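Numbers restart at 1 for each chain; the letters A, B, ... are given by sequence-line order, proteins then strands. None of the values given here were measured: they were computed from a predicted structure. Only heavy atoms go into these numbers, but all of them, side chains included; no hydrogens, no water, no symmetry mates.
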Number of protein chains: 2
Amino acid sequence: MLKVNKLTDYAVVVLCDLLRGDRLRSAADLATSSGVPLPTVSKILKQLARTGILQSARGVNGGYGFARPPAGISMAEVIEALEGPIAVTGCVEESGECCEFVHQCPMSGHWNAVNVAIRKSLDEVRLIDMLPEARFMDPEDLTRVIAERHAAAMQA
Amino acid sequence: MLKVNKLTDYAVVVLCDLLRGDRLRSAADLATSSGVPLPTVSKILKQLARTGILQSARGVNGGYGFARPPAGISMAEVIEALEGPIAVTGCVEESGECCEFVHQCPMSGHWNAVNVAIRKSLDEVRLIDMLPEARFMDPEDLTRVIAERHAAAMQA
DNA sequence: CAGAAACTGTACTGTTTTAGTCCTGTTTGT
DNA sequence: ACAAACAGGACTAAAACAGTACAGTTTCTG
Ligand code: FES
Ligand code: FES
């Protein structure tokens, strides 16, 4: 089924919510407005901050915001942030975790073509394409609107 | 990690083995030559026959062979045969299994862009590209060699 | 016609992964 | 000092998977 993690699924919901605002949002705030339970939202946001997609501020009035212009974030990045490198099987040239017969193993490296193809296609889907309004808006307008919101958030 | 089923992984090994021969091969035969345990090979072949990628013959001298020219088989087909439709989340326009708030659910349909992108990229990787020799051979030569073997198998 | 070689379908079980939760600690603004 | 937020990690119940087994059906061969 080539399923994505449920956490990744929620992450997109939460990120879309974050795309709609123009300031730092707390985990509790995002949980309320997205409907995803707080502990889960918290887990997601922590991970996204760790991998550099979001930035966080502690203390009173703290919260999360995008660490860089959201229009430049691809789905490949989001998925990799929550699930680690995209690799459809354990036996991939980069990951060391192959079987014990690496030298003569008949499937060594076979899946690379598939990994590369998937990776490439995910690079080309942007996070902001996941917004429902993306379907009705001109892509350039969408990019501009999102960029404005992000600028406002950075200023605040 | 966007992992593929282990069964699917083995399936490629077994299918590659089948690509190398020019006649019907029994499950036991393929198990021996691929190193994958017989019950597992059997499970895979049954499923591939059910979905129309392979054809089977019962009885003495029976076995499995490709149901159609192998050069035309894509990885998307192989993956779908063993794991069902490619859908990274439960909430996809075709599959009915969404949450109970379909009407106002904020993530309804979001992942379609990703599904389509992945599906398309998998359509473009052929099964025969997974053969190790595919890396050193001219694609046209490869296609021809495989077609000849298939013709021989059909005749036998 | 008997028996062996193959495929077919399904059911079972131990293991692994995932999802979701909770707790304890650290930072920061008032 | 205190409360609001984030950080990191540990824990558990539930779901999915992998692998196996078995009883049934078809077909060839002698
Ligand atoms: S599975 Fe990776 S080398 Fe065998
Ligand atoms: S998850 Fe599919 S409609 Fe809500």
Checklist entry - Just how far, in rounded Å, is C1' of D:dA4 from CZ of A:Arg25? => result 17 Å
Next on the checklist: On the nucleotide D:dA7, are OP1 or OP2 found under 4.0 Å from the side-chain N or O atoms that A:Ser56 carries?
Outcome noted: yes
Item to check | Separation of C:dT28 P from A:Leu24 CG (nearest whole Å) | outcome: 14 Å
Item to check | Pair B:Arg20-B:Ser33, side-chain donor/acceptor within less than 3.5 Å | outcome: no
Next on the checklist: Between A:Asp9 and A:Val4 (side chain of the first, backbone of the second, donor and acceptor by atom type, cut-off under 3.5 Å), is there such a pair?
Outcome noted: no
Checklist entry - Counting side-chain heavy atoms from CB outward, which of C:dT8, D:dA5, D:dA18 is closest to B:Tyr64? => result C:dT8
Next on the checklist: In this structure, how many angstroms lie between the C1' atom of C:dG3 and the CG atom of B:Asn61, rounded?
Outcome noted: 15 Å
Next on the checklist: Near DNA chain D, counting only heavy atoms under 4.0 Å, which residues of residues 42-54 of chain A show up?
Outcome noted: A:Lys46, A:Arg50
Next on the checklist: Tell me the bend of the helix from C:dC1-D:dG30 to C:dT30-D:dA1 as the angle between end helix axes, each from five pairs, rounded to the nearest 10 degrees.
Outcome noted: 10°
Checklist outcome for this item: Of the candidates D:dC6, D:dA4, D:dT29, the side chain of A:Ala27 sits closest to D:dC6
Checklist entry - Between D:dC6, D:dT29, C:dG20, which nucleotide gets closest to the side-chain atoms of A:Tyr10? => result C:dG20
Checklist entry - For the base of C:dT26, is there a side-chain donor-acceptor partner from A:Arg58 under 3.5 Å away? => result yes
Checklist entry - Tell me, which pairs form a salt bridge (Lys or Arg N to Asp or Glu O under 4.0 Å) where one or both residues lie in residues 70-81 of chain A, sequence neighbours left out? => result A:Arg68-A:Glu77, A:Glu80-A:Arg119
